[in-house]
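Before any comments, here is the structure.
Only a predicted model underlies this, so the values are computations on that prediction, with no experimental measurement involved.
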Amino acid sequence: MASLTFNPTGTHLSLPLSNPKPLRSRFTVHCSSTSPKLAGNRPLRVAVIGGGPAGGSAAETLAKGGVETILIERKLDNCKPCGGAIPLCMVSEFDIPLDIIDRKVTKMKMISPSNVAVDIGRTLKPFEYIGMVRREVLDGYLRDRAKAAGAEVVNGLFLRMDLPERTGEGVYRVEYTAYDGKKGGAGERKVVEVDAVVGADGANSRVAKCIGAGEYEYAIAFQERIKIPDEKMAYYEDLAEMYVGDDVSPDFYGWVFPKCDHVAVGTGTVTHKSDIKKFQLATRKRAMDKINGGKIIRVEAHPIPEHPRPRRVLDRVALVGDAAGYVTKCSGEGIYFAAKSGRMCAEALVQGSENGKRMVNEGDLRKLYLEKWDKKYWPTYKVLDILQKVFYRSNPAREAFVEMCADDYVQKMTFDSYLYKTVVPGNPIDDLKLAVRTVGSLVRAYGLRREMEKIGA
């Protein structure tokens, strides 16, 4: 393994080589030669801040593309409070080994505010599933792959960076605290000089603050990992549950997702963050008959962005993953989009630099990364945003949403879009029938609420 070390002057030092197992790769990086060549016959240097799916994927792609790469991650054993669901397309596209997938979910239960449960998954093909992973396992695997590709992985806390005085010229001075697991203590402050920076440091991104990327609305996700008896765990062998209702969240959903030997129980909210523990208690209560007797083994909480930041690129700095705001409304999914954005951003840097031989500029990142990203995924974000506004606004709307989920056509369209990350075009006749059924479900749900209010009056 070729390991890279950086010092404050940007000098590259070579360390001894080892022989890692060969990596499988299914992506190809195409390069151009429109930028000026780098002086001194040195490669482009890029710092990736953050070692989650976005950072790991970016660092691997950069290193494979001939770019000198340093990845800085503050906590190498970080367990992010995340449902951990990944779509089928991610397994093949990112060569995710099956042994780090804890469960293959082929069945889901969508449970309404009145506890009406709808089984989802009838339309899945025999080979289709939703993968369930633990973030500490997935993130570590992607970082190891980046390291094997030639990136230097540093256990360190990003502090700040000095921007070049003139756009398109000079270096970025990245300051961080490096930690040594053997020595412990407060760590050692270091500086590295690089040509470009990829901000993959999550919802509270310090890189985003450095470039004035702007604020965004965010949700708070709260999750408990619960070890339940084996006989109860058997129920969740290939099943996940989603609960909707004002009790579990006024604008999101509660979940029970299976892991290797435990379940992850959680919820989230944007509008009522101070009540998150109350919503978590309600989620546990709704699932109590299936998780009763369990022991909480870990409690996690983390912010989740609700929309892309106003600015995602400035000069030679680009944001990816949660730092850029790439989490979908309605489903709250972010793992695939983090890894994909990290890879697309890195490919733009490799292509713009002609495999690390030339300097890049903001135009490379905008044209080769942002424009491609928005064209490919903006429809997905927009559709899910609309769904959340329509169906998560009240309990009657949630009842209608769950009723709709019983429809095979809805299930097929939903799973096809989720598993393969495309907005699937529907059959016009079936779409019209679905529209009529949707209106009918909403009318029935609101009618039921009026009758219940009369009884309670």
Side-chain angles (χ1 to χ4, degrees), residues 52-54 56-57 77-111 119-121 123-142 221-230 232-243 252-268 280 283-284 287 290-291 294 296-300 302 304 321-322 327-328 330-340 411 414-421:
S57 297
D77 61 348
N78 186 43
C79 303
K80 184 179 177 181
C82 172
I86 62 173
L88 184 62
C89 65
M90 183 173 179
V91 178
S92 57
E93 186 176 345
F94 288 85
D95 290 324
I96 304 299
L98 297 182
D99 58 1
I100 72 170
I101 297 175
D102 289 337
R103 302 279 176 174
K104 294 181 178 180
V105 169
T106 57
K107 295 178 288 185
M108 295 188 71
K109 281 189 181 291
M110 179 69 73
I111 303 167
D119 293 320
I120 301 174
T123 63
L124 286 178
K125 299 179 178 65
F127 61 87
E128 292 180 329
Y129 63 88
I130 298 171
M132 291 291 170
V133 299
R134 285 164 289 161
R135 283 292 303 275
E136 63 271 26
V137 176
L138 175 66
D139 294 6
Y141 170 76
L142 293 175
F222 190 96
Q223 178 174 274
E224 295 167 323
R225 300 193 188 197
I226 302 177
K227 180 81 171 178
I228 59 178
D230 291 343
K232 291 183 179 291
M233 194 68 209
Y235 172 78
Y236 291 106
E237 175 68 26
D238 56 359
L239 172 74
E241 292 180 323
M242 295 173 64
Y243 293 85
F252 206 57
Y253 62 89
W255 65 83
V256 182
F257 288 169
K259 304 297 181 181
C260 58
D261 60 354
H262 62 277
V263 291
V265 181
T267 185
Q280 176 67 10
T283 303
R284 285 209 314 267
K290 288 157 284 190
I291 64 173
I296 298 175
I297 57 177
R298 193 180 191 100
V299 179
E300 306 157 338
H302 199 78
I304 299 176
D322 282 14
V327 176
T328 59
C330 193
S331 65
E333 183 196 1
I335 297 178
Y336 173 81
F337 294 112
K340 185 66 173 180
Q411 291 192 22
T414 301
F415 271 113
D416 284 353
S417 297
Y418 174 80
L419 293 176
Y420 304 107
K421 287 294 160 283

* Asked: Run the side-chain contact (heavy atoms from CB on, under 4.5 Å) check on Phe337 and Thr328 step by step: do they pass?
  -> CA-CA 9 Å; Phe337 294 112; Thr328 59; 3.4 Å; yes

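- Taking the side chain as every heavy atom from C-beta outward, Arg135 and Pro53 approach each other to under 4.5 Å.
- The two atoms that bring Ala85 and Ile335 nearest to each other are O-CD1, 3.9 Å, heavy atoms only.
- Tested against Tyr236 for a side-chain hydrogen bond (donor to acceptor under 3.5 Å, both in side chains), the candidates Glu241, Lys290, Arg103 yield a single pass: Glu241.
- Note that CG of Leu239 and OG1 of Thr106 are 8.5 Å apart. Values are rounded to the nearest 0.5 Å.
- Between atom CD1 of residue Ile100 and atom CD1 of residue Ile96 there is a gap of 5.0 Å, rounded to the nearest 0.5 Å.
- A side-chain donor-acceptor contact under 3.5 Å links Glu128 to the backbone of Lys125.
- Contact record, Phe94 with Ser57: CE2-OG, 3.8 Å, taken as the closest heavy-atom pair.
- A side chain to side chain contact (heavy atoms under 4.5 Å, CB included) with Arg225 is found for one member of Val299, Ile297, Val263 and no other, namely Ile297.
- Residues Pro258 and Val105 come closest through the heavy atom pair CG-CG2, 3.9 Å.
- With rounding to the nearest 0.5 angstrom, the CD atom of Glu300 is 10.5 Å from the NE2 atom of His302.
- With Gln280 contributing its side chain and Val265 its backbone, the two residues share a donor-acceptor pair below 3.5 Å.
- Taking a 6.0 Å sphere around CG of Asp230, one finds it holds 12 or fewer heavy atoms contributed by other residues, nucleotides or ligands.
- Under the 4.5 Å side-chain criterion, counting only non-hydrogen atoms from C-beta, Val137 is not in contact with Val133.
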* Tell me, with the steps shown, if Val91 and Ile86 meet side-chain contact (heavy atoms from CB on, under 4.5 Å). => CA-CA 8 Å; Val91 178; Ile86 62 173; 4.1 Å; yes

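- The residue from Lys107, Gln411, Lys109 that alone fulfils the side-chain hydrogen bond (donor to acceptor under 3.5 Å, both in side chains) condition with Asp119 is Lys109.
- Between Tyr129 and Ile101 the shortest side-chain heavy-atom distance falls below 4.5 Å.
- For the pair Leu419/Leu124, a side-chain contact is recorded, criterion being any heavy-atom separation below 4.5 Å from C-beta on.
- Between Lys421 and Glu333 there is a salt bridge, since a side-chain N of the basic residue sits under 4.0 Å from a carboxylate O of the acidic one.
- Ser92 places a side-chain N or O within 3.5 Å of a backbone atom of Cys89 that can act as its donor or acceptor partner.
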* For Asp77 and Glu136, what are the C-alpha separation, side-chain angles and deciding distance, and is it a side-chain contact (heavy atoms from CB on, under 4.5 Å)? -> CA-CA 6 Å; Asp77 61 348; Glu136 63 271 26; 5.8 Å; no

* To do: In sequence, state the C-alpha distance, the side-chain angles, and the governing distance for Arg298 and Glu224, and then conclude on salt bridge (Lys or Arg N to Asp or Glu O under 4.0 Å).
  => CA-CA 6 Å; Arg298 193 180 191 100; Glu224 295 167 323; over 6 Å; no

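- Nearest heavy atom pair, residue Lys104 against residue Leu98, reads NZ-CD1, 4.1 Å.
- Across Tyr420, Phe415, Tyr418, a single residue satisfies side chain to side chain contact (heavy atoms under 4.5 Å, CB included) together with Pro87, and that is Tyr418.
- Scanning both residues, Asp95 and Tyr141, for their nearest heavy atoms gives O-OH, 3.5 Å.
- Taking the ring centre of Phe257 as origin, the terminal cationic atom of Lys259 falls outside the region bounded by 6.0 Å and 45° from the ring axis.
- Taken to the nearest 0.5 Å, the OG atom of Ser331 stands 6.0 Å off from the OH atom of Tyr253.
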* To do: Evaluate side-chain contact (heavy atoms from CB on, under 4.5 Å) for Ile228 paired with Tyr235, printing each intermediate quantity in order.
  => CA-CA 11 Å; Ile228 59 178; Tyr235 172 78; over 6 Å; no

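- With values rounded to the nearest 0.5 angstrom, Thr283 atom OG1 is found 10.5 Å from Phe222 atom CZ.
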* salt bridge (Lys or Arg N to Asp or Glu O under 4.0 Å) between Asp102 and Arg134, intermediate numbers included -> CA-CA 7 Å; Asp102 289 337; Arg134 285 164 289 161; 2.9 Å; yes

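- For Met90 against Ala339, the heavy-atom pair with the smallest separation is CE-CB, 3.8 Å.
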